[in-house]
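See structure below.
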2 protein chains.
Amino acid sequence: MNNNYELYKVFYWAAKTGSLTQAASALYLTQPSVSHAIKQLENSFGLTLFYRNSKGVALTQEGEVLYSYIEKSQILISLAEKQMAALKNLDSGELRIGGSDSLFKHYMLPYLETYHQQYPAVGLHLNHGTTPEIIALLKEGNIDLGVVRMPISDPQLEVRESIQLQDCFVAGSRYSELKGMVLTLDMLLQYPVILFSRNSRARMAITELFQSYGLNLKPEIEVGSVDLLIELARKGLGISYVTREFVAKELEEGTLFEIQLDVPIPPAHVGIMIMRNMPLSATASKFLELIR
Amino acid sequence: MNNNYELYKVFYWAAKTGSLTQAASALYLTQPSVSHAIKQLENSFGLTLFYRNSKGVALTQEGEVLYSYIEKSQILISLAEKQMAALKNLDSGELRIGGSDSLFKHYMLPYLETYHQQYPAVGLHLNHGTTPEIIALLKEGNIDLGVVRMPISDPQLEVRESIQLQDCFVAGSRYSELKGMVLTLDMLLQYPVILFSRNSRARMAITELFQSYGLNLKPEIEVGSVDLLIELARKGLGISYVTREFVAKELEEGTLFEIQLDVPIPPAHVGIMIMRNMPLSATASKFLELIR
DNA sequence: TGTTATTCATAGATTTGATCTATAGCTCCT
DNA sequence: AGGAGCTATAGATCAAATCTATGAATAACA
């Protein structure tokens, strides 16, 4: 027995409506087609599934048994189809994003809000971790896309460059004597510096910059959150190295001011990573559209 | 979305084996066929169901969702197919027989025993009732076949004549003076007669016979079971009207003897009734084969 | 009690679309 | 670099699903 499963669909409708004619119209077929399909099923089993009479058809004992299975099966299929349609319309599904550092809070948040407002039924899963962790999650298929600082060069990944970020040193009123001054890196090192934790991309970048001038940047304080970085600078515990865009509010208020340096700090770019040659989930591709 | 359900079978195997090639061989198809089928499904949903790589395929998020439904659905179908095969082989199912009078015990029993021995998994349902009750059960589809005394003439029924039964009057030793004598119906009426209950076919038949000779047969005792009919005759409470084949043992032992009459009692036939133009269940048709 | 309408079954023609073969492209492994 | 696995694509083929037309049986109705 190796039936075409299409026959079960016909059987289901014939049994459900009690009429081959009605089943035919439900399936957009002609009645002889349905008649033939039922006969095929019956022959394949060597059993009679319906009693036929001039009012329609009725299940036999054996037909009832078959129906008890097929009904459930067909209902599952129709649920599956509804679910697929929901996934397609983003009335369902989930979007899994990996983000390193504080990009979530300071860069992604508005997009996430818009997205969630537009597709409230899509579950948002935010995984935060270091850049290598995010890459690993992506490769294992645990997230749909990653948002990290460039540069990333991995042949398996496709990276789309997003906005540009400018890191800078900021201080609070405790160091207001530096306002307006242009410092050398050397001079900066006279002050207590507050940096983000060792494994962050930003930290590595600035350390390298100092090294390229033969200087060794050693933080007085080391923290694991951008919020703390800002807070400590405001309290005057030192000069924090932060992303300018993330302290826009404080700079405007004047609770923090940017330290001018005599050398430029190269800008950083945010990159959106997805797996190369892998299809995007419907949720993720809609999100990328939104970002662009 | 109006998919050919056959595609789900292909999807199921592709997901289950993680390989289009293996799915193809499981389904006795070629790999391009499977590839094409999956693509059709994906297009119909507007979603990607599989990640393809050189090792095979893996379900996407959306594919996983679909699989969670389709797997159950396919398992139900394969159970259904197994069940149908079982019904066909009589490894399952039920046989529902309606019988009037005592035909079950005295006529059907050996067949039922053989049938049950041969197909122990088939459930036997025996419904006993009067002839009209049996006919009603048959027409309502509550039994597969009925076993009653002929004649039956109902255009909806197909009646197969089975063995012939000869009714007769029997008595026990209390009336041994009648042994060897040939009685007229008139003479018989001098003795107390024991008959089966009013609504039985046998009772009607013998009453009519007497009436055709202008005689009125009125029983001294009326009982509802053939066993009682026999037992009462043996105890000498009267002359019982019974089916000769059902008292074969007693006649041979000599505990009962048959009363000779000067007029013949027309033989009765057992009829096997089934619904005309209705398919027989597998269980019932096997049983009819056995009886013939 | 004809008559009509509705049911399912059957026969044969048609055409769709599933399946095949052949081949290309890709990735991993030796 | 070459081979062996995998999937994708293109185009041809052909089986089988579907259709139209019709028949036969039954129920409903006038």
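Residue numbers start from 1 in every chain, and the chains themselves are labelled A, B, ... in the order their sequence lines are given, proteins ahead of strands.
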query: Whole Å only: how far is the CE atom of Met278(B) from the P atom of dC8(C)?
result: 13 Å

- prompt: With respect to the side chain of Leu20(B), which nucleotide from dA8(D), dA9(C), dT10(C) is positioned closest?
  reply: dA8(D)

message: Expressed as a whole number of angstroms, how long is the span from Phe50(B):CZ to dT7(D):P?
response: 10 Å

query: Any chance the side chains of Tyr107(A) and Ser162(A) put a donor and an acceptor closer than 3.5 Å?
result: yes

message: OP1 or OP2 of dC20(C) versus the side-chain N and O atoms of Thr30(B): is any pair under 4.0 Å?
response: yes

message: Is it true that Thr283(B) and Ser281(B) share a donor-acceptor pair across their side chains at a distance under 3.5 Å?
response: yes

Heavy-atom protein contacts under 4.0 Å, nucleotides 22-30 of chain D, coded B base, S sugar-phosphate only, - none: ----SS---

field: Nearest-Å distance for atom pair NZ/C1', residues Lys9(A) and dA17(D)
entry: 13 Å

message: Check this for me, if you would: do Lys39(A) and Glu42(A) make a salt bridge, where the nitrogen-to-carboxylate-oxygen distance has to be below 4.0 angstrom?
response: no

query: Nearest-Å distance, OH (Tyr28(A)) to P (dC19(D))?
result: 13 Å

- prompt: Would you say the ring centroid of Tyr119(A) lies under 6.0 angstrom from that of Tyr115(A)?
  reply: yes

Side-chain touch Gln83(B)/Leu66(A), heavy atoms, less than 4.5 angstrom: no

query: CG of Leu27(B) versus P of dA18(C): gap in Å, rounded?
result: 15 Å

query: With ring centroids as reference points, do Phe11(B) and Tyr8(B) lie under 6.0 angstrom apart?
result: no

query: Looking only at heavy atoms, what is the nearest atom pair of Glu62(B) and Ala282(A), with distance?
result: OE2-N, 3.2 Å

query: Taking the nucleotide of DNA chain C with the closest heavy atom to each, which residue, His36(A) or Gly56(A), is nearer the 5' end?
result: Gly56(A)

query: Starting at CZ of Arg276(A) and ending at C1' of dT27(C), how long is that distance when rounded to a whole Å?
result: 15 Å

task: Using whole Å, report how far CD of Glu6(B) lies from C1' of dT18(D).
output: 16 Å

query: Atom CD of Gln40(A) and atom P of dA15(D): how far apart are they, to the nearest Å?
result: 16 Å

message: Is Arg52(A) close enough to dA9(C) that one of its side-chain N or O atoms is under 4.0 Å from OP1 or OP2 there?
response: yes

task: Look at the side chain of Leu29(B) and decide which nucleotide, out of dT19(C), dT7(D), dC8(C), has an atom nearest to it.
output: dT19(C)

